[in-house]
Amino acid sequence: MIPEPYNPQVVEEKWRDFWRERGFFKAKTHEPQRKFYYLNMFPYPSGKLHAGHGRNYILGDAIVRFLLMRGWNVLNPMGWDAFGLPAENAAIEQGVHPRDWTWANIREFKRQFRAWGVEYDWDREIATCEPGYYKWTQWIFLKLYERGLAYRAKGKVNWCPHCEVVLANEQVIGGRCWRCNSPVEKKELEQWYFRITAYAERLLKDLEKLDWPEHVKKMQENWIGRSEGAEIVFPTEKGAEIKVFTTRPDTLWGATFLVLAPEHPWVPELTALEQRAAVEAYRAAADRLTEVERTSTEKEKTGVFVGTYAINPATRERIPIWVADYVLMGYGTGAIMGVPAHDERDFQFALSHGLPVIPVIAHPGGEIRIFVPADAFVSSLPQALRALGIPVGSTKDGALLANAPTEIMDKAASVIRERLTEKGWAAMVGQGWQIVFPDEVISIGSVAEERRALSRLKAIDPALAEKRTVAEILWAVPALRDFLFHAEFGPMLNSGPLSGTPGAEAVRKTVAWLEEKGLGNAAVTYKLRDWLISRQRYWGAPIPIIHCPRCGIVPVPEKDLPVLLPEVNRIGKLGLADIPGFISTTCPRCGGPAQRDTDTMDTFVDSSWYFLRFISPKDEDRPFDPDLVNRWLPVDLYVGGVEHAILHLLYARFITKFLHDLGWLSFDEPFKKLFTQGMVTYPAYWCPTHHWIPPKEVLPGDRCPKCGAELEVSVVAMSKSKKNVVSPDELIAQYGADTERLYTLFMGPPEKEIEWSEEGVRGCWRFLNRFWNMALAIISRAAGVREEPDPQALGTQGRALWTKLHATVKKVTEEFEGRLALNTAVAAIMELTNELASYAEDREADPRLLRSVLRNLVLILSPFTPFICEEIWHRLGETKAVLETPWPEYDPQALAEGEVEIPVQINGKVRVRVRVSRAAASDPQVLQDLVLADPSVRERLRGLRIEKVVAVPAKLVSIVAR
RNA sequence: GCCGGGGUGGCGGAAUCCGGUAGACGCAGGGGACUUAAAAUCCCUUGAGCAAAUUCUUGCUCGUGCGGGUUCGAGUCCCGCCCCCGGCACCA
């Protein structure tokens, strides 16, 4: 008889609607015992799904099928992040309505999910573009507005010139637009913001509670960017006081200048008449720079002196005020104190603009470096220094160099002073800077001393006439550079009453001193900025606000929600602002004529609460049912791409905390556990003339099919735009969905980025064929058998298979419940399959064991390949569906049976392997005795004296012998 | 620069949490069977090297980025480096 070949097309079509029709994926939200809320990040429905997307949905489907068999009441919904720019752009280009474009894509996505066997509770399907959903997005806006957490403000915003839209900070990736990668520009606009900064501290602190990948938590931590320090007030000659933020208040005595951001509001007021033109020109130039240009690390530090001075509140010295674009208006106070001796940027700035450098923190090494120019000292100096125990060297041009411990600095200074030539000088840097002259030593502890030392040096050496600061002179000596600037903590120097304070207490003591004197206070600053949410577009949730000439900004009353998107035939570039019928309305407060706000909300607002809506997706009176939500959330396991590590995940946490504060939610973190799956990469081919070429069309030798040019190959994440996608439709047609699913889960650890491999797919295809053939063979042999095997009655082979079965069940169960390394679970299942197949070769094989192992194998394989398993399951004579069958339990007893091979190490190397029963191997003394009695071990030990034996139960025995 | 993750065969990767036979599983390669042939399928084989043996082997040495350390034993732990990937980045 010719065996029936594996035909996935037939098998899969047979079961494709079975699970849905049986309602296995419908959550029973009103019975929340043993609830499990599993959630995949909902997709933006654009175009078609490719094999890379499968990483997310197939993984999720496998987990959910496992959970269902484990008896969980699983909520596993799916919806659509349906507002957004691509739909609108497609609509503008093709003249279709974005809604039609979006729903056509959604239909396509759903078709592909069905083909994959990826099932959801479709009764809960939601789309953010439906009025029944965005009504509540608008409601959240109103609630934020009520609490003062939504506000309108004018300011510099990120602007993508290509998308012609503003961007939130989180949507600017390395100075570029997150969608189109264009360099982002700055624009002065009045926009709506959400005050996410009010939640900065909680968003940071509560990360601790989350079972999230460490790197995602770190990314959020860095993004929130908490810094502790102080705010210090600097009086100015013009009267205004400038407040700066610093993390290093202990360096205040070294602040020799102030720098304001070009956008700082007080710049005009502080600018002297004669500097006005230069300052204005500088500010205008800074304004024109894109974010990429302005924040380029290699850029020379530019800036302009405003012509007036401030007073350093600690030293009471006059210090110049500058504007420079390395200071950002959006962080801290938009103004800094320049401490060139202990901040790398300030040091660069001081060097290029001739500003004095005053060291106020001792060099961490506890060492000083001595430099004496050639011809500046008498010949006995080296010897005299050596007499102090200081090793002395010299440069190529004859200058003297030495390192000395701090303690003998004063002694060294007097030794040097006595041995300088008449016009000689020397520098000692590290413990502050000392400039040694024949008649005195000037310690540079203030701007005044710096000026004096500089003029003396210039008077001595005409070659220094051009130098503007002592720092410039010393910087010219390469050997001193390491000692001129450092940003470490250390004992304070030249710091008036606080001089000598050790580094560990420096910040705390300085802040206390500042507070006592009323000069400043401890302060915390965050990098996080408020969330800019308004978009000048059509395809989004309209902002529910009315502008009334008499009443000002008036929120739309809740009863009037939703503010519907107007139906239009054509969408203009200006979005809602292009639609006159939408704009004019009446003021809800005074009844007079008024205008609607024409902005729509960032799509990330839509997605910041959707996980709540799934609980009661059709509720018309509330955004969600709070009782049910509080029983079902937080989400137990959230799976999605790491690209949302900051954006969506931060916003969703913020909105959750807000709704918690409002009293709607009892929890304040939406996602208890997060898993981020890796991207799938594939070679992408680039032709300089014909651009992206689909891999399939590429000619041998990586040539362009159109022009024959050699193509540039790069292995990158699958994407439609690079044409390097693998189509699930084609895979399913050729191998079936089970093969694609299995390969997707087997290709590597799910969290890692991995390259798609056609050969790998074929390996999984071969496996399923072997599995199919073996299963049918076993079914025909074990037809009619219904009893379970008796483990005690099995032979050695059977017993080994029995143990293997239980070990595999254990392994697979633990992977699903733990770290989700399903690739290793698949490997274990393959091993079991291989062992079952070789056991089945024995004509004497126990049919009860064959059937039992196959039955359990089908169950544990079913989350990976549900179609083939459902088929085999029913051919085994089962009447219930796989999903109605409990997940197999493993028997610890079975794992303790049979034999194990115990390696025996002699002097650290494995020399012998001994087979012992698992029972014997579990007792260290028994194991040790057995091993020492083994003939080949005795042979090895002949002539040696045993010094030590280590027996590790079930693992190995290690013998030390001489 | 800062933060995070990682470096294991020809390749993807196992073993890393909690030290205990390194290379599971799969791919690719080599050899063979079947076939007129090919595809498909099946079987054997594959870290590097050395020695004895000669045929079904046996034994030894080396081997998890580099250098040290702890230990009976290190891919795993500790210290110091190098390199790669990801995130942030003139954040005061």
Side-chain angles (χ1 to χ4, degrees), chain A residues 5 173-175 213-223 225-227 229 244-249 251 255 259 261 294-301 324-328 330-339 342-346 348-349 487 525-529 642-643 645-646 678 742-743 746-749 751-767 769-770 773 818-819 821 823-834 900-913 947-961:
Chain A
I173 313 290
E214 206 50 44
H215 70 281
V216 175
K217 292 207 264 187
K218 280 287 173 198
M219 279 162 77
Q220 293 217 350
E221 199 180 307
N222 292 342
W223 188 261
R226 184 182 199 276
S227 291
V244 305
F245 173 76
T246 176
T247 52
R248 291 299 301 274
T251 63
V259 188
R294 176 160 167 180
T295 59
S296 147
T297 19
E298 296 307 308
K299 184 168 154 278
E300 176 80 2
K301 292 221 168 5
D325 65 4
Y326 81 94
V327 175
L328 308 173
Y331 183 76
T333 60
I336 63 151
M337 61 180 198
V339 184
H342 306 294
D343 181 282
E344 194 176 356
R345 295 150 302 176
D346 296 345
Q348 283 175 24
F349 191 75
T525 300
Y526 301 90
K527 284 199 250 182
L528 185 69
R529 318 283 164 85
V642 74
E643 66 274 16
I646 294 172
L742 187 66
Y743 175 63
F746 180 60
M747 62 197 295
E751 72 280 5
K752 258 194 76 170
E753 178 177 298
I754 238 157
E755 186 178 347
W756 185 268
S757 144
E758 187 73 27
E759 287 72 32
V761 176
R762 282 216 301 276
C764 289
W765 162 249
R766 279 196 287 267
F767 169 77
N769 274 282
R770 268 183 283 132
N773 294 331
R819 55 178 195 164
N823 54 321
T824 65
V826 174
I829 289 173
M830 286 174 169
E831 284 182 57
L832 176 63
T833 308
N834 294 343
V900 269
E901 197 178 66
I902 295 292
V904 180
Q905 288 186 354
I906 295 169
N907 293 331
K909 295 203 186 295
V910 178
R911 297 299 183 189
V912 183
R913 291 157 221 268
E947 293 188 345
K948 185 173 182 181
V949 180
V950 181
V952 185
K955 293 275 199 220
L956 61 36
V957 175
S958 181
I959 302 165
V960 186

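Per chain, numbering begins at 1; letters A, B, ... match sequence-line order.
Shortest non-hydrogen contact noted between A:Ala261 and A:Val327 is CB-O, 3.3 Å. Minimum heavy-atom separation, A:Pro903 to A:Val910: CB-CG1, 4.0 Å. Closest approach of A:Phe349 and A:Ala324 over heavy atoms only: CE1-CB, 3.7 Å.
The A:Arg913 side chain lies nearest to B:U21 when the options are B:C72, B:C25, B:U21. Residue A:Ile336 has its side chain nearest to B:A92 when only B:C72, B:A28, B:A92 are considered. The side chain of A:Met830 sits closest to B:G26 out of B:G26, B:C72, B:A24. The side chain of A:Lys948 has B:C72 as its nearest neighbour among B:A89, B:C72, B:A24.
Side-chain atoms of A:Asn907 come within 3.5 Å of backbone atoms of A:Ala961 as a donor-acceptor pair (strictly under, hydrogens ignored).
Spacing between B:G5 and B:A22 at atom P, rounded to whole Å, works out to 28 Å. Between the P atoms of B:C84 and B:A92, the separation comes to 27 Å (whole Å). Here the separation of B:A24 from B:U8, taken at their P atoms, is 16 Å to the nearest Å. To the nearest whole angstrom, the two P atoms, one in B:G87 and one in B:G10, are 30 Å apart. Remark: the separation of the P atoms in B:U21 and B:C11 is 24 Å, to the nearest Å. As rounded to the nearest Å, B:U76 and B:G68 have P atoms that lie 14 Å from one another. Between B:U54 and B:A40, the two P atoms lie 42 Å apart (nearest whole Å). Taking atom C1' in both B:A37 and B:C44, the straight-line distance is 24 Å, to the nearest Å.
As judged by a 4.0 angstrom heavy-atom cut-off over every strand, A:Val952 is placed among the base-contacting residues. A:Lys527 comes within 4.0 angstrom of a base, heavy atoms only. If you check every strand for non-hydrogen atoms under 4.0 Å, A:Thr247 touches sugar and phosphate atoms only. As judged by a 4.0 angstrom heavy-atom cut-off over every strand, A:Val244 is placed among residues making no nucleic acid contact. Within 4.0 Å (heavy atoms only), A:Glu947 reaches no atom of the nucleic acid at all. Residue-level contact check: A:Gly763 touches the backbone only, with heavy atoms under 4.0 Å from sugar-phosphate atoms and none from bases.
Nucleotide B:C25 holds its P atom 15 Å from the CG atom of A:Leu742, rounded to whole Å. Between A:Ile829 atom CD1 and B:G26 atom P there is a gap of 13 Å when expressed in whole angstrom units. The distance from atom CD of A:Glu758 to atom P of B:G26 is 19 Å, rounded to the nearest whole Å. The interatomic distance linking A:Asn769 (CG) with B:G26 (C1') rounds to 15 Å, in whole Å. For the pair A:Ile902 CD1 and B:C72 P, the interatomic distance rounds to 21 Å; values are reported in whole Å. Rounded to whole Å, the distance from CG on A:Leu956 to P on B:U21 is 6 Å. Taking atom CZ of A:Arg762 as the reference point, atom C1' of B:C27 lies 10 Å away to the nearest angstrom. The nearest whole Å value for the distance from the CD atom in A:Glu901 to the P atom in B:U21 is 12 Å.
Base orientation of B:G9: syn (glycosidic angle within 90° of 0).
For the pair A:Lys301 and A:Tyr326, the cation-pi test (distance below 6.0 Å, angle within 45°) is passed.
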Once each nucleotide of nucleotides 1-19 of chain B is scored for protein heavy atoms under 4.0 Å, what B/S/- sequence comes out, 5' to 3'?
-> --SS-------SSSS----

Classify every nucleotide of nucleotides 56-65 of chain B by which part a protein heavy atom approaches to under 4.0 Å, writing B for the base, S for the sugar-phosphate alone and - for neither, in 5'-to-3' order.
-> ---SSSS---

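OP1 or OP2 of B:A28 lies within a sub-4.0 Å distance of a side-chain N or O belonging to A:Arg766. Look at A:Asn834 and you'll find a side-chain N or O under 4.0 angstrom from OP1 or OP2 of B:G26.
Where A:Ser227 and A:Phe767 meet RNA chain B, the nucleotide closest to each residue was compared, and A:Phe767 sits on the side nearer the 5' end. When each of A:Ile959 and A:Arg770 is assigned the nucleotide of RNA chain B bearing its nearest heavy atom, the one mapping closer to the 5' terminus is A:Arg770.
The distance from atom SG of A:Cys764 to atom CE of A:Met830, rounded to the nearest 0.5 Å, is 4.5 Å. Separating the CD atom in A:Gln220 from the CD1 atom in A:Ile646 is a distance of 7.0 Å, to the nearest 0.5 Å. Between the CD1 atom in A:Ile902 and the CZ atom in A:Arg913 there is a gap of 11.5 Å [rounded to 0.5 Å]. Note that the NZ atom of A:Lys218 and the NE2 atom of A:His215 stand 13.0 Å from one another [nearest 0.5 Å]. Note that CG of A:Leu528 and OH of A:Tyr331 are 11.5 Å apart. Values are rounded to the nearest 0.5 Å. Taken to the nearest 0.5 Å, the OG1 atom of A:Thr246 stands 8.0 Å off from the CG atom of A:Asp343.
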Go through the steps for A:Met337 and A:Asp346 under the test side-chain contact (heavy atoms from CB on, under 4.5 Å), then give the verdict.
-> CA-CA 9 Å; A:Met337 61 180 198; A:Asp346 296 345; over 6 Å; no

Apply ring pair (Phe, Tyr, Trp, His ring centres under 6.0 Å) to A:Tyr743 and A:Trp756, showing your working.
-> CA-CA 9 Å; A:Tyr743 175 63; A:Trp756 185 268; 4.9 Å; yes

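Within 6.0 Å of CD on A:Glu901 lie more than 12 heavy atoms contributed by other residues, nucleotides or ligands.
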Just the dot-bracket of RNA chain B, please: which string comes out with Watson-Crick or G-U pairs under 3.5 Å, [ ] for crossing, | for another strand?
-> (((((((..(((.......[....))).(((((.......))))).((((((....))))))..(((((..]....))))))))))))....

